[in-house]
Number of protein chains: 2
Amino acid sequence: MITGEKTSPAKNIKTLQVIQSEVENTNRIALSVDCVIFGFDEAKLEVLLIRSDLKKFAGKWSLLGDLVFPEEDLDAAAYRILKQRTGLSDVYLEQVSTFGTVNRHPAGRVVTVAYCSLINVQHHKLNILDNELHWHDIKNVTDLAFDHQQIFDSCLKQLQKRVQEHPLGFNLLPKKFSLRDLQNLYEAILDIKMDRRNFRKKFFSMDFLVDLEEMEQDVPHRPGKLYKFNYEKYEKRKKKWVGIDF
Amino acid sequence: MITGEKTSPAKNIKTLQVIQSEVENTNRIALSVDCVIFGFDEAKLEVLLIRSDLKKFAGKWSLLGDLVFPEEDLDAAAYRILKQRTGLSDVYLEQVSTFGTVNRHPAGRVVTVAYCSLINVQHHKLNILDNELHWHDIKNVTDLAFDHQQIFDSCLKQLQKRVQEHPLGFNLLPKKFSLRDLQNLYEAILDIKMDRRNFRKKFFSMDFLVDLEEMEQDVPHRPGKLYKFNYEKYEKRKKKWVGIDF
DNA sequence: GTTTAATGTGTAAATTAAACACATTATAGC
DNA sequence: GCTATAATGTGTTTAATTTACACATTAAAC
């Protein structure tokens with residue numbers, strides 16, 4: 001009844017006090033956050049996992065999670081938990097979805113909100129507090145603890161969709177990058193191969209890549225041109241958003 | 001600590017009992033569900049709202065919500081709450097997102113999970129338990145109670161996106177419908193006008209509409225042909241899902 | 001029977017996506 | 001240094017899709 005609606009005329013009169021007692025005493029549930037941190041590393045997509053210390057899940061890997069405090073914003077909890085577990089702080093987290101079956105956690109009722117991020121493994125130094133925190137190639141992620149496999153699958157799908165609709169990828173590259181870097185990124189995340197020539201045309205036509213008139217250094221092959229992502233140019237473009245297609 | 005990860009080597013040994021006490025005693029939070037029920041009615045998109053009975057929000061409208069019980073699956077809670085408040089049961093609910101700022105509810109800390117649905121107003125009889133439950137034209141929805149305006153906006157956006165990617169719309173139409181019905185539906189949900197000829201071509205090319213060789217009855221104009229949606233045909237089509245575009 | 005307002009259909013132009021080939025350049029190996 | 005190698009850089013052609021746009025047809029309303 002906490003949002004103030006009525007179920008019947010007879011129950012119409014519900015004071016804030018009554019509601020408060022319901023909120024304070026009964027019906028409370030442990031709420032957690034689980035972070036799915038995707039990392040891009042040398043043309044591979046990885047995910048950050050930690051080994052479960054529950055006997056029930058001995059040897060299994062799990063996502064980075066913890067309880068939300070009663071006086072802590074949900075988003076803030078996600079950032080705190082990520083920071084505590086990894087030392088990472090300048091990372092954008094995005095909520096994906098909430099998992100709330102009764103028996104998903106062996107210690108009792110815990111509803112968890114999944115958050116997802118995507119970073120470059122080389123750009124962020126992990127604060128490895130124990131040696132059970134590791135990057136895992138996403139192709140080898142199976143049989144996680146709890147319902148974390150389901151959460152992981154859901155986040156990966158969401159990531160693959162989002163990366164096609166928003167320029168997330170550029171955060172993963174150095175400020176200056178080659179088109180090969182960019183294509184490797186998309187191929188790793190989407191797990192597909194693309195035609196190099198069409199890929200280049202696609203991104204050039206999007207008109208937010210700036211030619212830096214510099215070349216790659218120290219690469220073991222012919223150096224490519226370097227580009228940067230221009231956010232203002234990206235924002236300025238009008239996007240047609242209607243496209244019924246299913 | 002509930003998902004079993006460790007914060008430091010020193011804290012490595014955490015038994016299920018310790019975790020259980022954390023889940024059971026501290027850190028618990030009231031969890032609610034709020035349902036955003038969109039209704040399509042005669043070429044208009046509406047949303048089901050109820051008047052708030054909290055003094056703080058006197059006169060304002062709010063979404064259909066209530067607390068989740070400790071031994072109830074999250075999805076089940078959403079269906080229960082919808083049923084209790086409206087009598088609706090054969091309606092598909094989809095989770096949209098979770099809102100968890102500390103001060104979003106005046107009665108205390110309540111994190112809420114938003115669920116969204118889309119039904120045909122004419123097909124579903126509401127069980128109106130009091131006269132404060134009403135359909136509202138979405139164009140007139142402003143200034144809802146709590147953070148419900150934000151939740152509503154978020155769900156509307158999600159609906160508009162989803163309806164372009166999945167054939168949700170056909171649930172809203174009669175089994176037999178005309179292409180004009182279908183176009184009205186999309187125009188109402190997306191709040192745009194489309195070219196009638198191109199709209200037809202689009203849907204015919206998608207190849208899951210079956211011509212019933214029947215005509216509309218009792219319409220005040222030239223009757224149109226009637227079609228039905230063939231789910232098998234829809235499923236069978238392969239969809240290319242890669243299309244980087246932002 | 002005439003008017004009206006909707007349905008049903010088609011075509012041309014523009015844009016976008018897909019397939020595909022060759023010259024160029026720096027490195028690596030000799 | 002010379003050659004072989006393997007990557008970069010660039011267009012063209014075709015197909016597919018989207019957009020813009022006009023006219024004949026049909027049933028209801030008068």
Side-chain angles (χ1 to χ4, degrees), chain A residues 42-43 163-165 167 173-174 176-188 190 192-228 234 237-246, chain B residues 42-43 163-165 167 173-174 176-188 190 192-228 234 237-246:
Chain A
E42 310 262 351
V163 87
Q164 293 184 65
E165 297 172 345
L173 296 173
K176 305 172 176 187
F177 53 85
S178 70
L179 275 175
R180 163 58 50 196
D181 294 334
L182 190 60
Q183 184 169 347
N184 284 342
L185 177 65
Y186 277 90
E187 292 187 342
L190 298 176
I192 54 172
K193 292 285 172 202
M194 287 178 271
D195 181 274
R196 192 168 52 91
R197 292 158 289 187
N198 292 336
F199 182 87
R200 294 164 80 90
K201 253 179 305 191
K202 180 89 189 175
F203 276 87
F204 286 146
S205 78
M206 290 200 268
D207 203 40
F208 49 60
L209 291 183
V210 177
D211 184 343
L212 291 171
E213 320 246 356
E214 284 181 70
M215 306 301 267
E216 288 180 297
Q217 302 292 327
D218 303 314
V219 286
H221 52 72
R222 172 180 174 185
K225 281 189 177 182
L226 292 175
Y227 297 85
K228 71 172 181 183
Y234 161 70
R237 301 166 327 122
K238 61 200 167 253
K239 50 185 126 183
K240 63 149 194 287
W241 77 290
V242 174
I244 298 169
D245 197 12
F246 46 79
Chain B
E42 310 263 352
V163 86
Q164 294 184 63
E165 298 172 345
L173 297 173
K176 305 172 177 185
F177 53 85
S178 69
L179 276 177
R180 164 56 50 194
D181 294 333
L182 190 60
Q183 185 169 347
N184 284 342
L185 178 64
Y186 277 91
E187 292 188 340
L190 299 176
I192 53 171
K193 291 287 171 200
M194 286 179 271
D195 181 274
R196 193 167 52 90
R197 291 157 290 187
N198 292 335
F199 182 87
R200 293 172 154 259
K201 254 180 306 190
K202 182 87 190 174
F203 275 87
F204 286 144
S205 79
M206 289 199 270
D207 204 40
F208 49 61
L209 291 183
V210 178
D211 185 343
L212 292 171
E213 319 243 357
E214 284 180 72
M215 306 301 266
E216 288 179 296
Q217 302 292 327
D218 303 315
V219 285
H221 54 71
R222 173 181 173 184
K225 281 187 175 184
L226 292 175
Y227 296 85
K228 71 172 180 183
Y234 161 70
R237 301 165 327 121
K238 60 204 167 249
K239 51 184 124 183
K240 62 150 195 290
W241 77 291
V242 175
I244 297 168
D245 197 13
F246 46 80

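Here the structure is a predicted model, which means the values were calculated and not measured. Here is how names work: the chains are called A, B, and so on, in the same order as the sequence lines, proteins then strands, and each is numbered from 1.
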**OP:** Could you tell me whether the side chain of Y186(A) reaches within less than 4.5 Å of the side chain of Q183(A), counting heavy atoms only?
**Re:** no

Gap between atoms [atom1] and [atom2], on [X] and [N] respectively (whole Å):
X       : N       : atom1 : atom2 : value
L226(A) : dT8(D)  : CG    : P     : 12 Å
D245(A) : dA17(C) : CG    : P     : 12 Å
H221(A) : dT24(C) : NE2   : C1'   : 15 Å
F204(A) : dT10(D) : CZ    : P     : 7 Å
Q217(B) : dA27(D) : CD    : C1'   : 12 Å
F203(B) : dG8(C)  : CZ    : P     : 15 Å
K225(B) : dA6(C)  : NZ    : P     : 20 Å
D218(B) : dA27(D) : CG    : P     : 14 Å

Original post:
How would you list all residue pairs meeting side-chain hydrogen bond (donor to acceptor under 3.5 Å, both in side chains) that involve residues 197-210 of chain A, not counting sequence neighbours?
Top reply: D195(A)-R197(A), N198(A)-K201(A)

**OP:** For R180(A), report the nucleic acid contact type (base, sugar-phosphate, nothing); a contact means any heavy atom under 4.0 Å.
**Re:** sugar-phosphate

Original post:
Contact class for R196(B) (heavy atom, under 4.0 Å): base, sugar-phosphate, or nothing?
Top reply: base

**OP:** Produce a footprint string for nucleotides 10-15 of chain C: one letter per nucleotide, 5' end first; B if the base is under 4.0 Å from any protein heavy atom, S if only the sugar-phosphate is, - if neither.
**Re:** BB----

**OP:** Spell out yes or no: do the side chain of R222(A) and the base of dT24(C) have one donor N/O and one acceptor N/O closer than 3.5 Å?
**Re:** yes

Original post:
For DNA chain C, what residues of residues 207-215 of chain B have any heavy atom nearer than 4.0 Å?
Top reply: none

**OP:** Sort out the partner of dC30(D) for me: Watson-Crick or G-U wobble, both distances under 3.5 Å, none otherwise.
**Re:** dG1(C)

